[in-house]
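The structure displayed is predicted, hence computed values, not measured ones.
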Amino acid sequence: MSKINFLSFFSLMVFFGCANTYKLEKTSDFNFSESYYSSWSSGVRGGGSGFNIFLVIAENSRFNDDNNKLEGIYFKGKYVKLKYQGDNKYQAFIKENNNADTLEFEGFPKNKTVATKQEKIPFILKNNEVVIHYSMNEKQHYIKTILTKKKTIGFPM
């Protein structure tokens, strides 16, 4: 009987411990002066396409401490790390494989395409919604926000 009680207790601890891993915060200690994304396409068959994401932390934000860091972002079914670009600016880059065609030539071995599987992210997000993963004093936090879509500037080929 004691083994069953121990296993039940252990199972509950694991369940509740994992449930708090991705808890969304209601408020945050920082604000963005800008948060947007733009889509891109290489213009070359097989060159790929994707999204550029930009976040600029407002100067009056309380996030400008060495113990605080933006880690990554969940967007369009993917998680990518954010890179610090200086002056409170962060950028992320997501590449999609939706125009990666392969060409076959007679006498040459066939090119094999490797399908990248869609990650299962722990959040349900709508079109422009993102979840930002950040750390404060080595504790992990997650907050949901909305990105504005900026028009992509086209270049003639």
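Looking at heavy atoms from C-beta onward, K95 lies in side-chain contact with W40 at the 4.5 angstrom threshold. In this structure the side chain of I57 reaches within 4.5 angstrom of the side chain of Y90, judged on heavy atoms. For the pair F123/L24, a side-chain contact is recorded, criterion being any heavy-atom separation below 4.5 Å from C-beta on. Counting heavy atoms from C-beta on, the side chains of H133 and H141 never come closer than 4.5 Å. Annotation: side chain of K23 is not in contact with side chain of E25 (no heavy-atom distance under 4.5 Å). Between Y22 and Y74 the shortest side-chain heavy-atom distance falls below 4.5 Å. Looking only at side-chain heavy atoms (C-beta outward), Q140 and Y134 stay at 4.5 Å or farther from each other. Looking at I94 and I73, their side chains never come closer than 4.5 Å, going by heavy atoms from C-beta outward.
Grouping the Ile, Leu, Val, Met, Phe, Trp and Tyr side chains by contacts below 4.5 angstrom, directly or via other members, places V130 with Y84. With hydrophobic clusters built from ILVMFWY side chains whose heavy atoms lie under 4.5 angstrom apart, I53 shares a cluster with I143. A chain of hydrophobic side-chain contacts below 4.5 Å, direct or via other Ile, Leu, Val, Met, Phe, Trp or Tyr residues, connects Y79 to Y142. Hydrophobic clustering (ILVMFWY, side-chain heavy atoms < 4.5 Å, transitive): F32 and V80 are in one cluster.
Side-chain polar atoms of E71 and S135 form a donor-acceptor pair below 3.5 angstrom.
Shown here for S41 and S49, the closest heavy-atom pair between the two residues is CA-CB, 3.9 Å. Annotation for I124 and E129: closest pair O-OE1, 4.1 Å, computed over non-hydrogen atoms.
Taking the ring centroids of F75 and Y37, they lie under the 6.0 Å cut-off. Taking the six-membered ring wherever Trp is involved, the centroid distance between the rings of F93 and F51 does not fall below 6.0 Å.
In terms of modelled atom types and a separation under 3.5 Å, the side chain of K76 and the main chain of N127 share a donor-acceptor contact.
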Show the numbers, then the answer: is there a salt bridge (charged side-chain N to carboxylate O under 4.0 Å, His left out) between E34 and K150?
CA-CA 11 Å; E34 277 190 290; K150 285 201 175 180; 3.4 Å; yes

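K89 NZ: 12 or fewer foreign heavy atoms inside a 6.0 Å radius.
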